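First the structure, in the form of structure tokens, and then the observations on it.
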Amino acid sequence: MTSNRRRTMLRTIAATAAGLALLGALGGWAVMESGWYNVAATDPHFQVTHTLLEHGMHRSVRRHARNVAQPPPFDAARVGRGALLYRAYCVHCHGAPGIAQAEFGKSMQPLPGPLVDAARRWNQRELYWITRHGIKMSGMPGWEFQLPDDDLWSLVAFLENLPTLTPQAYRSITATPDGAPR
């Protein structure tokens, strides 16, 4: 291939890429300016949008959680404390064994999922990082300013034990000494 021919081919490729990028940017601007994309919390994302956001969230959590310190030991007292914190702060959006999420949790987009399998999808440091920092545009708050680190680790300890809890065991671990729910 001659030098001029190669140069022409590279220029054509570069011009095509630039044209497509400009066309994409103009299309994005037109969608944004028209208000066409429905941002209502009652209308879920397109599947491709959801998939891209979910993938990016997983990669981000894994990257940032690498810097989290080693977790403290998870004993029964820590799990019990985590259960009470979960009941106070998490059950409304995520539900619990035998307890459905509250109506406002069901109206969120993306829908907050049950956390019964969270410990299978995330390691301890990742669960801590998510609980501490939250997830943008998901309704998941960062709890670092409301709960001390020890409580955040207690929540993680509880999440690790959540898959083993029956509804009766959950009621038992979150009950007061007189048997009433806390």
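This structure is a prediction, so every number in the text was calculated from the model and none was measured. Sequential numbering from 1 along the given sequence is applied to the chain's residues.
Residues Tyr37 and Leu52 share a hydrophobic cluster, clusters being chains of Ile/Leu/Val/Met/Phe/Trp/Tyr side chains in contact below 4.5 Å. Following chains of ILVMFWY side-chain contacts shorter than 4.5 Å, one cannot reach Trp122 starting from Leu53, and the two form parts of different hydrophobic clusters. Linking ILVMFWY side-chain heavy atoms closer than 4.5 Å, directly or via other members, places Val31 and Phe46 in a single hydrophobic cluster. Linking ILVMFWY residues whenever their side-chain heavy atoms come closer than 4.5 Å, directly or via other members, leaves Met108 and Ile130 in distinct clusters.
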Is there a side chain to side chain contact (heavy atoms under 4.5 Å, CB included) between Thr174 and Tyr86 once you walk through the steps? CA-CA 9 Å; Thr174 58; Tyr86 184 88; over 6 Å; no
Would you sort out whether Gln47 and Thr51 count as a side chain to side chain donor-acceptor pair (under 3.5 Å), showing the intermediate values? CA-CA 6 Å; Gln47 185 59 47; Thr51 300; 3.0 Å; yes
Might you work through the ring-ring contact (aromatic ring centres under 6.0 Å, His included) test for Phe74 and Phe158, ending with a clear yes or no? CA-CA 9 Å; Phe74 291 170; Phe158 173 73; over 10 Å; no
Would His133 and Trp143 count as a ring-ring contact (aromatic ring centres under 6.0 Å, His included) here? Give the steps. CA-CA 6 Å; His133 297 286; Trp143 292 101; over 10 Å; no
Report the C-alpha separation of Ile173 and Val79 in whole Å, then their side-chain angles, then the decisive distance to 0.1 Å, and conclude whether the side chain to side chain contact (heavy atoms under 4.5 Å, CB included) test is met. CA-CA 9 Å; Ile173 197 171; Val79 172; 4.2 Å; yes
I would like to know whether His58 and His55 meet side chain to side chain contact (heavy atoms under 4.5 Å, CB included); could you show each step before the answer? CA-CA 5 Å; His58 280 264; His55 178 75; 5.8 Å; no
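Between Arg171 and Gln168 there is a side-chain heavy-atom pair separated by less than 4.5 Å. In this structure, Leu85 and Leu152 have side chains that are not in contact, with every pair of non-hydrogen atoms separated by 4.5 Å or more. Within the 4.5 Å cutoff, the side chain of Cys90 has heavy atoms near those of the Leu155 side chain. Here the side chains of Arg81 and Asp150 are not in contact, with every heavy-atom distance at 4.5 Å or above. Residues Tyr89 and Gln146 fail the side-chain proximity criterion, which asks for heavy atoms closer than 4.5 Å. Arg120 is listed as a side-chain neighbour of Asp117, based on a closest heavy-atom distance under 4.5 Å. When side chains are defined from C-beta on, Ser154 counts as touching Arg78, because their heavy atoms get closer than 4.5 Å. Using a 4.5 Å heavy-atom threshold, the side chains of Val116 and Leu165 count as separate.
Formation of a donor-acceptor pair under 3.5 Å by the Ser60 side chain with backbone atoms of Gly56 is not found in this model. Arg132 places no side-chain N or O within 3.5 Å of a backbone atom of Trp129 that could act as its donor or acceptor partner. With hydrogens and angles disregarded, no donor-acceptor distance shorter than 3.5 Å links the side chain of Thr49 to the backbone of His45. When atom types are taken as modelled, the side chain of Glu126 and the backbone of Asn123 share a donor-acceptor pair closer than 3.5 angstrom. Of the possible donor and acceptor atoms, one in the side chain of Gln101 sits under 3.5 Å from a partner among the backbone N and O of Pro112.
The nearest pair of heavy atoms linking Gln124 to Val156 is O-CG1, 3.8 Å. Between Ala96 and Val91, the closest heavy-atom pair is CB-CG2, 3.5 Å.
Annotation: the span from Asn67 atom CG to Arg125 atom CZ amounts to 9.5 Å, rounded to 0.5 Å. A distance of 8.5 Å separates NE2 of His92 from CZ of Arg87, quoted to the nearest 0.5 Å. Atom OG1 of Thr12 and atom CZ of Arg7 lie 12.5 Å apart (nearest 0.5 Å). One distance of note links OG1 of Thr16 with CG of Leu23; it measures 12.0 Å at 0.5 Å rounding. Separating the CZ atom in Arg59 from the CZ atom in Arg63 is a distance of 10.5 Å, to the nearest 0.5 Å. A distance of 7.5 Å separates OG1 of Thr164 from CG of Leu162, quoted to the nearest 0.5 Å.
Ring geometry for Tyr128 versus Trp153: interplanar angle under 30°, hence parallel rather than tilted (30 to 60°).
Within a 6.0 Å sphere centred on CZ of Phe104, heavy atoms belonging to other residues, nucleotides or ligands number more than 12. By the neighbour-count criterion of 12 heavy atoms within 6.0 Å, atom CE of Met137 is sparsely surrounded, having that number or fewer from other residues, nucleotides or ligands.
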